[in-house]
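First comes the structure, then the notes that go with it.
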Amino acid sequence: MAEVDSFQEINRKYFNQIANTYDDILPTMREHTAKIAQVMTEQVKLDPETTSVMDFACGTGLVSINLVPYVKEVIGVDISEAMVEKYNEKASLNEVSAKKMKAVLLDISKDKEGLGGKKFDAIICSMSYHHFDQVQEMTNNLVEYLVPGTGVLLVVDLIRTEHTVACHTATKHICSHVGGRYTPHFDPWHLGDFFEYSRFRGKSNPGSV
């Protein structure tokens, strides 16, 4: 019997395939990610001289590139080789140094020391939580990378509506099945539960971006 790919491996292969066209996969993709970055700057105090940010499941760096003026450094983390390559290419094309913006290929669920014990003032994760099959475990892992006491985890993701369900039906093989059913999105306030169980003070702010 052929070995079945894990949920994570299916995601990795899928995003490797679409990396070259990802930035334009939706007509409003660049505009929307710029708005997400702007909202993030309004939710947490960032300092261009001191703030270190991890962009988890960073993709091609659409959010990171918009945060560059506000932070000391942003390090992208992804399991997709092609996404990491496009991320670093984006930084180079925009003349942003690797010291300021770079991505690394890393699975934090398997390699706890891949960043050399580095802690971050903020970890951001945009439109990726609905791709995780173990949301609580991933949240726990991310919290471990925050500066104790002051680190902030910023998550932007889908709220359950008829539209979000319809949009992801065709790609449900790469979206998380929560509680045994297809739910590529979260009920309002649901994300706050994951923060609470991670011994992390968090809040969910349902709204539009």
Side-chain angles (χ1 to χ4, degrees), residues 11-12 15-16 18-26 28-129 131-132 138-139 141-157 200 202 205 209:
N11 273 298
R12 186 189 70 81
F15 285 103
N16 274 341
I18 66 170
N20 286 332
T21 57
Y22 183 79
D23 285 5
D24 299 301
I25 201 166
L26 295 173
T28 59
M29 191 68 150
R30 296 169 193 268
E31 177 186 353
H32 192 62
T33 49
K35 188 174 182 181
I36 287 174
Q38 182 59 43
V39 169
M40 287 178 169
T41 66
E42 296 167 356
Q43 292 296 313
V44 63
K45 184 178 180 180
L46 302 174
D47 188 328
E49 299 297 323
T50 62
T51 302
S52 178
V53 174
M54 177 201 292
D55 185 351
F56 184 69
C58 62
T60 65
L62 282 170
V63 175
S64 286
I65 196 67
N66 287 285
L67 292 178
V68 164
Y70 303 95
V71 302
K72 179 181 179 180
E73 64 173 353
V74 55
I75 297 178
V77 173
D78 209 295
I79 62 171
S80 163
E81 299 89 342
M83 287 292 189
V84 167
E85 182 179 347
K86 295 300 291 185
Y87 183 108
N88 290 326
E89 180 182 293
K90 182 178 273 88
S92 179
L93 290 173
N94 284 274
E95 299 183 343
V96 180
S97 71
K99 187 176 180 180
K100 184 84 170 180
M101 174 182 167
K102 68 176 179 180
V104 295
L105 184 68
L106 179 65
D107 181 351
I108 67 168
S109 65
K110 297 178 181 178
D111 185 355
K112 305 295 186 181
E113 302 300 325
L115 293 174
K118 185 175 179 62
K119 302 291 185 180
F120 295 86
D121 300 299
I123 297 175
I124 65 171
C125 188
S126 174
M127 305 304 289
S128 297
Y129 253 54
H131 292 292
F132 303 155
M138 191 61 75
T139 303
N141 289 335
L142 289 173
V143 169
E144 293 300 317
Y145 283 88
L146 289 171
V147 174
T150 59
V152 177
L153 174 60
L154 292 172
V155 176
V156 176
D157 215 289
F200 177 75
N205 182 18
V209 174

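All values reported here derive from a predicted model rather than from experimental measurement.
- To the nearest 0.5 Å, atoms CD1 (Ile124) and CE (Met40) are separated by 4.5 Å.
- Here Asn141 contributes atom CG and Asp107 contributes atom CG; the two are 9.0 Å apart, rounded to the nearest 0.5 Å.
- Inter-residue side-chain proximity for Glu144 and Ile108 is flagged as unmet; no heavy-atom pair is nearer than 4.5 Å.
- At least one side-chain heavy atom of Leu115 sits under 4.5 Å from a side-chain heavy atom of Met54.
- Scanning all heavy atoms of the two residues, the minimum distance from Val74 to Ser64 falls at CG2-OG, 3.4 Å.
- The distance from atom NE2 of His32 to atom CD1 of Ile36, rounded to the nearest 0.5 Å, is 4.0 Å.
- For the pair Met138/Phe56, a side-chain contact is recorded, criterion being any heavy-atom separation below 4.5 Å from C-beta on.
- At a threshold of 4.5 Å between non-hydrogen side-chain atoms, the residues Thr60 and Glu89 do not count as touching.
- To the nearest 0.5 Å, the span separating CZ on Phe120 from CG on Leu146 amounts to 9.5 Å.
- Contact of the Lys86 side chain with the Asn20 side chain is registered, since non-hydrogen atoms from C-beta on lie closer than 4.5 Å.
- Atom CD of Gln43 sits about 11.0 Å away from atom CD of Gln38, to the nearest 0.5 Å.
- When every heavy atom of Asp121 is checked against every heavy atom of Thr50, the shortest pair comes out as OD2-O, 3.4 Å.
- With contacts defined as side-chain heavy-atom distances shorter than 4.5 Å, the pair Thr51/Val44 does not qualify.
- Side-chain atoms of Thr33 come within 3.5 Å of backbone N or O of Met29 as a donor-acceptor pair.
- In terms of heavy-atom proximity, Tyr87 sits nearest to Ile75 at OH-C, 4.2 Å.
- The aromatic rings of Phe15 and Tyr22 sit perpendicular, their planes meeting at an angle over 60°, well past the 30° parallel limit.
- Rounding to the nearest 0.5 Å places CD of Glu49 at 8.5 Å from NZ of Lys72.
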message: Could you walk me through whether Asp55 and Val63 satisfy the side-chain contact (heavy atoms from CB on, under 4.5 Å) test, starting with their C-alpha distance in whole Å, then the side-chain angles of each, then the deciding distance to 0.1 Å, before giving a yes or no?
response: CA-CA 8 Å; Asp55 185 351; Val63 175; 4.2 Å; yes
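- At distances below 3.5 Å, at least one donor-acceptor pair connects side-chain atoms of Ser128 with backbone N or O atoms of Ser126.
- In this structure, Glu42 places its CD atom where more than 12 heavy-atom neighbours from other residues, nucleotides or ligands lie under 6.0 Å away.
- Contact check for Ile65 versus Asn94: side-chain heavy atoms found under the 4.5 Å cut-off.
- Within 6.0 Å of the NZ atom in Lys102, the count of heavy atoms belonging to other residues, nucleotides or ligands does not exceed 12.
- The two residues Asn66 and Ala37 have their closest heavy-atom pair at CB-CB, 3.5 Å.
- A heavy-atom distance below 4.5 Å is found between the side chains of Val77 and Val104.
- Side-chain atoms of Ser80 and Asn16 form a donor-acceptor pair, as typed in the model, at a separation below 3.5 Å.
- A donor-acceptor contact shorter than 3.5 Å links the side chain of Lys100 to the backbone of Val71.
- Pairing each heavy atom of Cys58 with each of Asp78, the nearest pair is N-OD2, 3.2 Å.
- Between Asp111 and Gly114, the shortest heavy-atom contact is OD1-N, 3.1 Å.
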